[in-house]
Amino acid sequence: MTTLDTLTQRIVAAEPVQSLCMTDDHWPELDCAGARFIDCAFERVQFSNATLDEAQFSNCRFIACRFSHAELASARFADCRFIADGAKGCSFAFSNLQRAEFSGCDLSQTVFDRTDMFAVELRDCNLTGARFATADFSRALSRKKLETRAIFQDCKLDVADFSGAKLPGCSLAGCRLREADLSSADLTDADLSGSDLFQVILDGARLTGADLRGAEVSGVNLTRAADFVGVKVSDDQMFRLLEAMGVDVRVREK
């Protein structure tokens, strides 16, 4: 069994922490920047104010855990599972996830509440029902200029909540967004190519210049968006988009 003393020693010595199990506890006040965790399990653990910048987690399980005001800048999660326990799922609240990377992770039902997610990368992750409505994907370059960056690649985002999210110029290429809530989201110049947008909610969304080429657009009514000037689509998508708008499309027989 890993005690607090041996945990501290391993982290100080830059040795990987393996097969650690914690249940119903608070994460200790340790500087875990750059620490490595392999095959660990955390159940109902409170990571309040934890310092985990550049930490690496591989094949770890987080069950109903809370990350409140946690520092996770440039942290990496590979093949990790964030699991709900009854009605309580995992959540990140007021945390720093700038430049964090998630690959092959299960983050279904996870809540990202007012979390800093600038330049986050999520690849091949299950994010079914995840909530990003209050997440921040931007950083201030000056008083009047913001930079926004985020990459969602080949992720499952069915019924995810992006309502009001600011994602101009960001990528959701190849993602499955069936019935996701994108109402009032800013997707100006966003890359949605190859995504599945079946019956996605676009009420009040901004799609100016967005790339929808190769996307599944059945049931997508662009007239519900606030703006879709310059949206990019391919020839085979035009009829489905027009029909969803209520246009009676008839092809002239030769």
Side-chain angles (χ1 to χ4, degrees), residues 81-82 84 89 102-112 117 120-135 137 148-254:
R81 297 177 65 198
F82 294 77
F102 296 82
S103 61
C105 294
D106 187 348
L107 290 141
S108 53
Q109 307 301 326
T110 297
V111 178
F112 298 90
M117 300 185 74
V120 71
E121 295 187 17
L122 298 105
R123 301 180 188 274
D124 195 28
C125 292
N126 180 6
L127 291 147
T128 301
R131 286 185 274 170
F132 299 93
T134 58
F137 300 94
T148 305
R149 263 198 278 161
I151 294 175
F152 293 81
Q153 181 71 47
D154 299 321
C155 291
K156 186 177 181 181
L157 287 154
D158 293 353
V159 298
D161 184 2
F162 284 97
S163 56
K166 309 298 182 185
L167 290 162
C170 295
S171 175
L172 291 98
C175 290
R176 177 170 158 145
L177 288 142
R178 290 195 160 212
E179 300 181 61
D181 188 353
L182 299 174
S183 57
S184 301
D186 185 354
L187 294 160
T188 302
D189 296 322
D191 183 1
L192 291 156
S193 60
S195 59
D196 187 343
L197 302 174
F198 177 74
Q199 293 191 347
V200 69
I201 300 169
L202 290 174
D203 296 20
R206 302 191 67 85
L207 289 165
T208 313
D211 189 351
L212 304 185
R213 287 174 291 191
E216 169 58 65
V217 292
S218 298
V220 175
N221 188 346
L222 290 177
T223 62
R224 302 187 73 90
D227 193 347
F228 58 93
V229 174
V231 68
K232 302 175 182 68
V233 298
S234 50
D235 294 344
D236 60 341
Q237 294 171 301
M238 290 191 297
F239 290 125
R240 277 173 287 168
L241 288 169
L242 288 170
E243 287 172 352
M245 294 178 189
V247 177
D248 185 4
V249 180
R250 300 186 183 184
V251 180
R252 181 183 297 176
E253 295 182 2
K254 294 184 179 179

Quick one: [atom1] on [X] to [atom2] on [Y], what's the gap to the nearest 0.5 Å?
| X | Y | atom1 | atom2 | answer |
| --- | --- | --- | --- | --- |
| Phe152 | Ser195 | CZ | OG | 13.0 Å |
| Leu207 | Asp227 | CG | CG | 8.5 Å |
| Lys156 | Leu177 | NZ | CG | 12.0 Å |
| Asp203 | Asp181 | CG | CG | 8.0 Å |
| Ile201 | Arg224 | CD1 | CZ | 9.0 Å |
| Asp154 | Cys175 | CG | SG | 6.5 Å |

Looking only at heavy atoms, what is the nearest atom pair of [X] and [Y], with distance?
| X | Y | result |
| --- | --- | --- |
| Thr148 | Lys166 | CG2-O, 3.7 Å |
| Ala190 | Leu167 | CB-O, 4.0 Å |
| Leu157 | Ala180 | O-CB, 3.7 Å |
| Ala226 | Gly204 | CB-O, 3.5 Å |
| Ser234 | Gly214 | OG-N, 4.0 Å |
| Gly104 | Cys125 | N-SG, 3.9 Å |

May I ask you to test the [X]-[Y] pair for a side-chain heavy-atom distance under 4.5 Å?
| X | Y | value |
| --- | --- | --- |
| Asp186 | Pro168 | yes |
| Val220 | Leu212 | no |
| Leu122 | Cys155 | yes |
| Leu202 | Leu197 | no |
| Leu182 | Leu187 | yes |

Looking at residues at least two apart in the chain, or sitting in another chain, which of them share a side-chain hydrogen bond (donor to acceptor under 3.5 Å, both in side chains) with Ser171?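 Counting only residues at least two positions away or on another chain, Ser171 forms no side-chain hydrogen bond (donor to acceptor under 3.5 Å, both in side chains).
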Between Asp196 and Arg178 (salt bridge meaning N to carboxylate O under 4.0 Å), is one present in this structure?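 So Asp196 pairs with Arg178 through a salt bridge.
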Do the side chains of Asp211 and Lys232 get close enough for a salt bridge, i.e. N-O under 4.0 angstrom? no
Ring pair (Phe, Tyr, Trp, His ring centres under 6.0 Å) against Phe102, all qualifying residues, sequence neighbours excluded: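 In terms of ring pair (Phe, Tyr, Trp, His ring centres under 6.0 Å), with neighbours along the sequence ignored, Phe102 is linked to Phe77.
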Parallel, tilted or perpendicular, judged at 30° and 60°: which one describes the rings of Phe132 and Phe112?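 Phe132 vs Phe112 ring planes: parallel.
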Let me know which of Leu107, Asn126, Leu127 forms a side chain to side chain contact (heavy atoms under 4.5 Å, CB included) with Phe82.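 For Phe82, the side chain to side chain contact (heavy atoms under 4.5 Å, CB included) test succeeds with only one of Leu107, Asn126, Leu127, which is Leu107.
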Can a donor-acceptor pair be found, under 3.5 Å and without considering hydrogens, that links the side chain of Glu121 to the backbone of Arg123? no
